[in-house]
Amino acid sequence: MAKKKTSEGIEAQPPRLQGRPPAQVQQPPAEERYADQLAFLRAVDTSSRPQGWLLSPGLVVDFLCGTHGEAIRAPSSAELPAGAPRSMVIEPKFVGGRALIERSVVTLAGERGLLLVGQPGTAKSMIGELLAAAISGSSALTIQGTAGANEDQLRYGWNYAMLLDRGPSPEALVPSPVLTAMRTGRLVRIEEITRCLPEVQDALISVLSERRLMIPELEGPDGSVFAAPGFNVIATANLRDRGVSEMSAALKRRLNFETVPPIADAQEEIDLVRRRARVVLSESGTEADVDARLLDILVRTFRDLRAGRTEEGWNVERPAAAMSTAEAVTVAAAITRQGTFFPTQKDPVSLLPGYLLGVVLKDNQEDRARLLAYWDGPIRRRGEGDALWKRMYALRDVLEELERE
Ligand SMILES: Nc1ncnc2c1ncn2[C@@H]1O[C@H](COP(=O)(O)OP(=O)(O)OP(=O)(O)O)[C@@H](O)[C@H]1O
Ligand SMILES: [Mg+2]
């Protein structure tokens, strides 16, 4: 790369804006993060696989839901990558019903697409990414649904310079991830499908029913692309966005709906938030554990506000904000990070009101009052018998002060 001389005559490397990705990335895709697990599972897999799949259905489910602490042992005949262990415990990545993942896997092997619906932050995108990585070896064929998306983004576009020069030809065609997935027999992910206009979504109907995409501009065999075995669609839709009800009935019929619920068990959610926050912190260069008391109070607060009801059965006014597990992970990581950046602030719980306000106050001013009502109700009552919740109640002033800012 050419070096530039600065005014001082020192050779400076211009910032690289294009070209190869950096050696480290902020968030590698699932197939890279779990490359060792996927290579191991493929090597030990002896069950039959649907055509075009890299892993049998049972092991795909194990990859997402874990093996309950039990090790999978490689048979002596298995050819493992050099240096790979001969047995492996797969830790759960998705916390929740195994049956949901089993049904999703069954759908993907069939003739319909999969639509994961649910509240924000319930791991819909994560499930899609993990399924694509396990089944197709790549989670990269992804389209982000937006209000501005057009049909070309689901079908194909053209390299206009080449198109003008030579007319329509296979070389001038710019395939969408859907088209590439069809050609290569992989899964394609369509995130937030309901954000696309219904007429744009409908471009998928023929792809899903006929498993074929017509390219009328090209003649002969190039004019239609048939999906290779292994191709299917994983779409996600957020219930807070424009509704799935607006999807056309024709498209709905071609998708199996699976609802991804928030994590049912409080302790499971606490454990997950601890694990995920640790990973998030470690990826950003902070090796620290989340304070156990903070975790407990944080996750319980999120759960109460999300459900509109506490474990004790007290009613809580629900804020409009989603209060998702994903947000809880972010807050746990942020408070811990703040503690390592500014070690003089030793009490992590005291930072909670500020971050909670940041989560709750997204767009609805009435949510301020709801948060204060939560303080004056459940937090005050719990504080009567528990020192930590009492400490939390004492932070009401902090909350009020922050509100005035
Ligand atoms: N049940 C769960 N199991 C494992 N991780 C979870 C679970 N629920 C939430 N998470 C955490 O939340 C993070 C965010 O999830 P993800 O982005 O996949 O949610 P989403 O449902 O796609 O949200 P959105 O609707 O906002 O797009 C995950 O990376 C994970 O850390
Ligand atoms: Mg998502």
Side-chain angles (χ1 to χ4, degrees), residues 26-34 37 61-66 68 90-104 114-134 139 141-147 149 187-196 233-244 257-284 290 295 298-299 302-303 305-307 320-334 336 359 362-363:
Q26 287 200 339
Q27 207 183 4
E31 56 273 24
E32 280 177 31
R33 252 178 298 146
Y34 303 111
Q37 289 185 20
V61 176
D62 282 347
F63 175 65
L64 271 87
C65 300
H68 305 291
I90 307 289
E91 90 282 7
K93 296 162 195 77
F94 171 65
V95 174
R98 206 177 172 91
L100 163 71
I101 303 299
E102 283 173 358
R103 284 195 304 272
S104 302
L114 172 67
L115 177 64
L116 299 166
V117 292
Q119 296 295 330
T122 45
K124 300 178 295 296
S125 302
M126 188 188 88
I127 296 173
E129 186 188 359
L130 292 170
L131 287 172
S139 59
L141 295 173
T142 304
I143 297 163
Q144 187 65 47
T146 65
L187 294 173
V188 60
R189 299 160 57 209
I190 303 174
E191 290 278 282
E192 313 286 0
I193 190 171
T194 47
R195 287 214 204 136
C196 304
V233 172
I234 305 177
T236 62
N238 189 318
L239 290 173
R240 294 278 172 119
D241 282 340
R242 199 155 45 124
V244 270
F257 284 48
E258 286 294 345
T259 305
V260 186
I263 300 174
D265 183 77
Q267 192 54 47
E268 282 195 346
E269 188 169 0
I270 290 173
D271 292 342
L272 173 83
V273 172
R274 178 191 300 117
R275 282 200 308 272
R276 286 294 308 156
R278 225 197 121 87
V279 172
V280 169
L281 285 165
S282 159
E283 280 171 357
S284 63
V290 183
L295 206 56
L298 166 73
V299 173
F302 267 68
R303 292 176 66 86
L305 292 170
R306 184 191 306 149
M323 310 305 298
S324 69
T325 308
E327 292 259 28
V329 172
T330 310
V331 172
T336 310
V359 173
K362 289 274 155 74
D363 50 14

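Note that this is a predicted model, so its numbers are computed, not measured. Just so you know, these numbers use all the heavy atoms, side chains as well, and skip hydrogens, waters and symmetry mates. All ligand and atom numbering here is 1-based and tracks the order in the structure.
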E283 with R33: basic N within carboxylate O range, under 4.0 Å: no
message: Contact between R276 and M126 at the side-chain level, heavy atoms closer than 4.5 Å - yes or no?
response: no
statement: Note: ligand 1 atoms sitting under 4.0 Å from heavy atoms of A326 are 12 (O), 13 (C), 14 (C)
- request: Could you tell me whether K124 approaches ligand 1 through its side chain, its backbone, both or neither, with non-hydrogen atoms closer than 4.0 Å?
  value: both
- request: Give me the protein N, O or S atoms that fall under 2.8 Å of the Mg ion (ligand 2), sorted by chain and residue number.
  value: S125 OG
Heavy atom of E192, distance to ligand 1 below 4.0 Å: yes
task: Kindly give the heavy-atom pair with the smallest separation between G145 and C196, and that separation in Å.
output: CA-SG, 3.6 Å
- prompt: For ligand 1, which part of E191 has a heavy atom less than 4.0 Å away: the side chain, the backbone, both, or neither?
  reply: neither
statement: At under 4.0 Å between heavy atoms, what of V95 touches ligand 1? The answer is both
task: Calculate, to the nearest 0.5 Å, the distance between atoms CG and NZ belonging to D62 and K93 respectively.
output: 9.0 Å
message: When you compare the side chain of T194 with that of N238, does any pair of heavy atoms fall below 4.5 Å?
response: no
- prompt: Considering only heavy atoms, does L272 approach ligand 1 within less than 4.0 Å through its side chain, its backbone, both, or neither?
  reply: side chain
- prompt: Do M323 and V359 come close enough that some side-chain heavy atom pair is under 4.5 Å?
  reply: yes
message: As an exercise, identify every atom of ligand 1 less than 4.0 angstrom from a heavy atom of T325.
response: 8 (N), 9 (C)
- request: Would you indicate whether the side-chain heavy atoms of R98 and H68 approach each other to under 4.5 Å?
  value: yes
- request: Have a look at ligand 1 and work out which part of N238, if any, has a heavy atom under 4.0 Å from it: side chain, backbone, both or neither.
  value: side chain
- prompt: With a cut-off of 4.0 Å, which atoms of ligand 1 are near a heavy atom of S125?
  reply: 18 (O), 20 (P), 22 (O), 27 (O)
Note, L114 side chain near L131 side chain (heavy atom, < 4.5 Å): yes
message: For ligand 1, which is the ligand I care about here, please tell me if F94 has any N or O atom under 3.5 Å from one of the ligand's N or O atoms.
response: no
message: If we check side-chain contact (heavy atoms from CB on, under 4.5 Å) with L116, which of these qualifies: E191, K124, R189?
response: K124
- prompt: Quick one: nearest non-hydrogen protein atom to atom 16 (P) of ligand 1, plus distance?
  reply: A123 CA, 3.7 Å
- prompt: Starting from atom 31 (O) of ligand 1, which protein heavy atom do you reach first, and at what distance in Å?
  reply: R276 NE, 2.8 Å
field: M126 neighbourhood, listing ligand 1 atoms whose heavy-atom distance to it stays under 4.0 Å
entry: 4 (C), 5 (N), 18 (O), 28 (C), 29 (O), 30 (C)
- prompt: Do the charged groups of E327 and R306 touch, with an N to O distance under 4.0 Å?
  reply: no
message: With a 4.5 Å cut-off on side-chain heavy atoms, are V95 and R275 touching?
response: yes
- request: Calculate, to the nearest 0.5 Å, the distance between atoms CD1 and OG1 belonging to I190 and T142 respectively.
  value: 9.5 Å
- line: Residues F94 and T122: closest non-hydrogen pair is CE1-O, 4.4 Å
Test item: V273 and F302 side chains (from C-beta on) under 4.5 Å apart, heavy atoms: no
message: What I want to know is whether G96 and ligand 1 share at least one N or O pair that is separated by under 3.5 angstrom.
response: no
- request: Identify, for atom 4 (C) of ligand 1, the protein heavy atom at the shortest distance, and state residue, atom and that distance.
  value: K93 O, 3.2 Å
- request: Give a yes/no verdict on whether any heavy atom in G121 is under 4.0 Å from an atom of ligand 1.
  value: yes
